[in-house]
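Step one of this worksheet: look at the structure below.
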Amino acid sequence: MNAPNASGWKPEMGPAGSALPTTASGDKGLQLEEALIFELGQAGTYGVDLPEPEAAPVAGLSKFLRKAAPALPGLSEPEVVRHYTRLSRQNYAIDLGPFPLGSCTMKHNPRLNEKMARLAGFADIHPLQPKQSVAGAFEAIAELSDWLITLTGMAAVALSPKAGAHGELCGLLCIRAAIEAKGEDRPVVLVPESAHGTNPATAAFAGFRVESIPANADGRVDFDALVSRLGPDVAGVMITNPNTCGLFERDMKRISDAVHAVGGYVYCDGANFNAIVGKVRPGDLGVDAMHINLHKTFSTPHGGGGPGSGPVVLSAALAPFAPLPFVQRDDAGVAHLIEEEDAAAQGHAQSFGRMAAFHGQMGMFTRALAYILSHGNDGLRQVAEDAVLNANYILRSLEDVLDAPFAAAGPCMHEALFSDNGLAEGFTTLDVAKGLIDEGFHPMTVYFPLVVHGAMLVEPTETESKAGTDRLIASMRALAERAKAGDVTLKSAPHYTPRRRVDETLAARKPKLVWKD
Ligand SMILES: *Cc1c(COP(=O)(O)O)cnc(C)c1O
């Protein structure tokens, strides 16, 4: 942190080379500097009055007596409250403004979801309590399953995977189990080069060899290249639809038919389901397994590592291999939790096993179900339509200042993709992203997908208003113009944040995770 300057104001170079005063406190306006909690306060300060301990230690435990005081920060309650409140104000959130991270679907989270997830019957239950005492939770899970199956046109859904990537693993383990059940040897999974990094990683983790399939000039899977690689050694394909270039894979049904014709399976990465929910049923496109990021398409807060939930919808061919535990309705429509002891009797004898100790993320299920029920089928369709409209509005509003590699081929889906082509010599996508922080926005996704040089992937989602989207567009336009004109001040952006440009490589490679070594 900047040490408080005892002599008060001192000149510092401002963003445009102007002299700016700095403050004695290190704070700027209402943006407050914050030290580590260990650097605040002092040992011996407490937020509570603790009773003096009994003098004699419990017999036999004296060798465990602490020899030195624990290295805990010493702060009063108001100091602790201020510390975390100050830190929270240095953060950016979807509740502060647009969060246009492409592929992440950072949308507004309706507060109704939170209210429902906090109902005691959902929030305060334990996975080990008697099943008959949580029948209502199983009914809610089964109702969510019904919706996911209906929306995707698939045969079944496995709800235990904890996030998208975990769902990918679930789908590929189903495919592996199906292949083994047929006594076949199919070591190869084909993955398009525009895929999210988790796809090849998952295929490799599930024991397959990954082979890359090129994209064609309009940003979609090269159908001929894919078909020419199909054969008896191919377990299947992993295709993202809409893909990570923000484009619908128009050949999806043909691809599925071709893969099935050689005995393979089709995995669809459904992270971008937001663009087609209520409009397209992946089951109609021949998909055998697809994860749904509940935390993307069906709102629920995410970012910063969680929480997530990645249910996997399965075709009739893969449903028998789904993991346990599995929530399923009986003939009378009553939802039950199927576990190992009753798997065989309930049609799950071929299950590949468990992915997680318990049935999934109850809070996420409740939020997603609340979101689905409050939107209804017409509202969900409108989610997709508005998300796509907003993305196309951004694409068409910026294509004259930013290179949009696939814009000529037609409209995009839920995200607009730009490249660094045309920026002044030495100016990069990173400069535009850092400039966007000064403008008061979280940057878009950068340098992904890899098929586009210096990619900028902008996903507004349906929850941004036209006014909010116009502000984002105006900022991106101004930044694009500065980057094209070679404005050197952009190279050192951000200028108005608590920290300037940090060494991100060093931070990632050598993170300092302890206060003192
Ligand atoms: C987010 C995402 C994933 C991974 O999902 P997680 O929930 O983060 O594990 C996979 N593929 C694509 C295209 C994504 O956008």
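Numbering of ligands and ligand atoms starts at 1, following listing order.
Using a 4.0 Å cut-off between a side-chain N of Lys or Arg and a carboxylate O of Asp or Glu, Asp284 and Arg281 qualify as a salt bridge.
In terms of protein heavy atoms, atom 6 (P) of ligand 1 is closest to Gly164 N, 3.4 Å. The protein atom (non-hydrogen) at minimum distance from atom 11 (N) of ligand 1 is Asp269 OD2, 2.6 Å.
Distance check: Gln361 CD to His295 NE2 gives 9.5 Å after rounding to the nearest 0.5 Å. Atom CG of residue Asn199 and atom CD of residue Glu168 lie 4.5 Å apart, to the nearest 0.5 angstrom. Between His414 atom NE2 and Leu457 atom CG the span is 7.0 Å, to the nearest 0.5 Å.
Contact analysis puts Glu168 in contact with ligand 1, with a non-hydrogen atom separation below 4.0 angstrom. Under the 4.0 angstrom criterion for non-hydrogen atoms, Lys296 is in contact with ligand 1.
Distances between N or O atoms of His295 and those of ligand 1 include at least one value under 3.5 Å. At least one N or O atom of Ser103 sits closer than 3.5 Å to an N or O atom of ligand 1. In terms of polar-atom proximity, Asn293 is counted as a contact of ligand 1, with an N or O under 3.5 Å from an N or O of the ligand.
Annotation: cation-pi pair Arg176/Phe208 absent, no NZ/CZ under 6.0 Å from the ring centroid and within 45° of its normal.
Using a 4.0 Å cut-off to heavy atoms of Thr198, the atoms of ligand 1 that qualify are 10 (C), 11 (N). Close approach of ligand 1 to Ala165 is summarised as follows: ligand atoms under 4.0 Å from at least one heavy atom of the residue are 4 (C), 5 (O), 6 (P), 9 (O). Close approach to Ala271 involves these atoms of ligand 1, each under 4.0 Å from a residue heavy atom: 2 (C), 11 (N), 12 (C), 13 (C), 14 (C), 15 (O).
Using a 4.5 Å cut-off on side-chain heavy atoms (C-beta onward), Leu380 and Trp147 make contact.
Judged purely by distance below 3.5 Å, without hydrogens or angles, the side chains of Thr240 and Asn272 never pair a donor atom with an acceptor atom.
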